Amino acid sequence: MKNFVLIFLFLIFIFGILDCSLKKPTGFDGECKIHILVIDTTGTVPLDSISGLAPVANAKVQLYSQEYDIKYTSITDDNGETEIENLLASQYVISVSKKIPAELLPDSIHINKDVLLTGTFEKTIYQNQVFDADTVKLGKKLLSKIIINEIYYCGSSSNNGTYQYDQFVELYNASDTVQYLDGLIIARASVYSNYINQYAEAMYLYQFPGTGKDFPVVPGEHVVVAQDAIDHITGAGADSSLDLSYAHWEFYNQYGDIDNPHVPNLENINPNKQNDFLLHIKYGGVFLINGKEVDQFNFTPSGYVLFSFKDVMDAVEYSRDPGNPKIFTGRLDAGIAGIGLQKYSGKSIERKNPIDGAAGHDTDNSSLDFKIVHPPTPGYQH
Ligand SMILES: [Ca+2]
Ligand SMILES: [Ca+2]
Ligand SMILES: [Ca+2]
Ligand SMILES: [Ca+2]
């Protein structure tokens with residue numbers, strides 16, 4: 001059995017040696033220096049054969065003093081070390097980061113995301129004082145490239161009754177490089193996803209066409225995929241619904257569906273489930289899967305499809321009721337979006353950045369990452 005290790009504990013130890021010179025007891029600030037060594041203990045960075053350590057070169061080290069509103073920045077050298085001199089005596093927040101692109105990760109790390117090694121600690125630097133080495137354990141963050149930015153699943157209501165065929169999923173390029181939709185799969189999770197270790201289980205799966213680089217998405221671009229790309233207001237008489245005739249893509253079920261000829265299609269790739277891409281209006285989960293690297297689909301006896309966690313680019317769980325059992329393991333989504341969102345209310349869930357409100361904020365905890373939005377915002381940010 002393949003051992004896909006997806007949650008790594010990335011531990012970087014920083015040994016910060018703070019050295020305020022005792023040789024020059026001048027009494028002035030600006031005499032202190034800090035010596036930092038950044039080491040990776042996770043296997044992400046190669047070991048040095050002599051020291052047996054894995055020094056992290058080109059890591060960014062920042063010291064910030066709130067007292068003086070002053071910031072010092074330095075970069076570690078080939079030995080993973082840096083020294084910052086002429087510091088004012090103060091309390092500092094010291095943060096270290098290094099981004100490692102997915103293509104540079106060793107083969108032993110089965111993930112398809114960039115990795116950010118980060119860590120922060122606080123240190124008060126007194127005048128004329130020699131400090132012992134600091135040891136700080138830092139965490140890692142997986143950086144999604146294309147993510148699920150908004151899901152409109154609950155449907156709408158009007159004088160004509162209730163309506164749920166106006167659902168859409170909005171993707172977003174949260175990276176700083178061009179990404180490609182080719183071969184990606186948007187899937188509705190089964191409610192049994194949590195029972196199967198290492199695998200995610202999906203019931204409806206729709207795949208983007210393309211052979212690799214046919215459908216680029218530039219950084220910051222939104223991509224709207226409608227259940228049906230029609231004007232649901234005039235076309236279906238759902239007068240509090242949405243006009244999705246200008247969606248970028250639509251889910252097209254070749255076993256029987258509406259097909260807007262002006263909007264390209266994601267096609268159903270699970271012949272066992274010949275339904276249009278329909279999300280549950282109260283609870284469920286959505287996957288974005290890297291279908292390019294899936295050689296062969298693993299079907300379950302009930303006609304669902306299993307995917308390795310390593311192929312899941314993003315996963316979002318939602319539920320109206322906080323008491324419902326969680327569907328996803330915390331390795332995919334530690335939280336739940338959309339608590340309290342009533343069916344047919346015409347509202348969606350969309351990512352929010354707690355600092356600047358920008359799109360694409362993803363900490364793999366949908367309780368924190370999403371907010372309820374009304375009206376939905378297909379193609380832009382609320
Ligand atoms: Ca459709
Ligand atoms: Ca179409
Ligand atoms: Ca995520
Ligand atoms: Ca949006």
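Since the model is a prediction, treat every value here as computed from it, not as a measurement. Order of appearance sets the numbers: ligands from 1, and atoms from 1 within every ligand.
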Practice task
If you have a sec, read the angle at the Ca ion (ligand 1) from Phe251 atom O over to Gln227 atom O, to 10 degrees.
Solution key: 80°

Problem - Metal site the Ca ion (ligand 4), protein N/O/S atoms found under 3.0 Å - result: 7

Problem - Tyr92 OH to Glu67 CD distance, which is reported to the nearest 0.5 Å - result: 8.5 Å

Handout entry: Joint hydrophobic cluster, Phe208 plus Val286, side-chain heavy atoms closer than 4.5 Å
Key = yes

Exercise for the section: Would you confirm whether Asn268, through its side chain, and Lys273, through its main-chain N or O, come within 3.5 Å as a donor-acceptor pair? Expected result: yes

Report all side-chain donor-acceptor pairs from residues 45-57 shorter than 3.5 Å, counting only partners two or more places apart or in another chain.
{"from": "Asp48", "atom 1": "OD2", "to": "Ile50", "atom 2": "N", "distance (Å)": "3.2"}
{"from": "Asp48", "atom 1": "OD2", "to": "Ser51", "atom 2": "N", "distance (Å)": "2.8"}
{"from": "Asp48", "atom 1": "OD2", "to": "Ser51", "atom 2": "OG", "distance (Å)": "3.0"}
{"from": "Ser51", "atom 1": "OG", "to": "Leu53", "atom 2": "N", "distance (Å)": "3.2"}

Exercise for the section: Provide the atom name of the closest N, O or S atom of Asp228 relative to the Ca ion (ligand 1). Expected result: OD1

Exercise for the section: Flag yes if Tyr318 and Ile147 sit in one hydrophobic cluster, no otherwise; membership is Ile, Leu, Val, Met, Phe, Trp, Tyr, and two members link when side-chain heavy atoms are under 4.5 Å apart. Expected result: no

Practice task
Rounded to the nearest 10 degrees, what's the angle OD1 of Asp276 makes with OD2 of Asp257 at the Ca ion (ligand 1)? Could you check?
Solution key: 80°

Exercise for the section: Say whether Leu279 and Phe287 are linked into one hydrophobic cluster, either directly or through other cluster members, by side-chain heavy-atom distances under 4.5 angstrom. Expected result: yes

Donor-acceptor contacts, no H, no angles, side chain residues 209-218, under 3.5 Å, sequence neighbours left out:
{"from": "Thr211", "atom 1": "OG1", "to": "Asp214", "atom 2": "OD2", "distance (Å)": "3.2"}
{"from": "Asp214", "atom 1": "OD2", "to": "Thr211", "atom 2": "N", "distance (Å)": "2.9"}

Exercise for the section: At a cut-off of 3.0 Å, list the protein N/O/S atoms near the Ca ion (ligand 2), residue plus atom name. Expected result: Glu250 OE2, Asp259 OD1, Asn260 O, Val263 O, Asn265 OD1

Exercise for the section: May I ask you to decide if Gly379's main-chain N or O and Glu170's side chain share a donor-acceptor pair within less than 3.5 Å? Expected result: yes

Problem - Residues Arg351, Asp362: salt bridge by 4.0 Å N-O rule - result: yes

Exercise for the section: Indicate the ring-plane relationship of Phe251 and Tyr206, choosing parallel, tilted or perpendicular according to the 30° and 60° boundaries. Expected result: perpendicular

Practice task
Determine, using the 4.5 Å side-chain heavy-atom cutoff (strictly less than), whether Met203 and Phe297 are members of one ILVMFWY cluster.
Solution key: yes

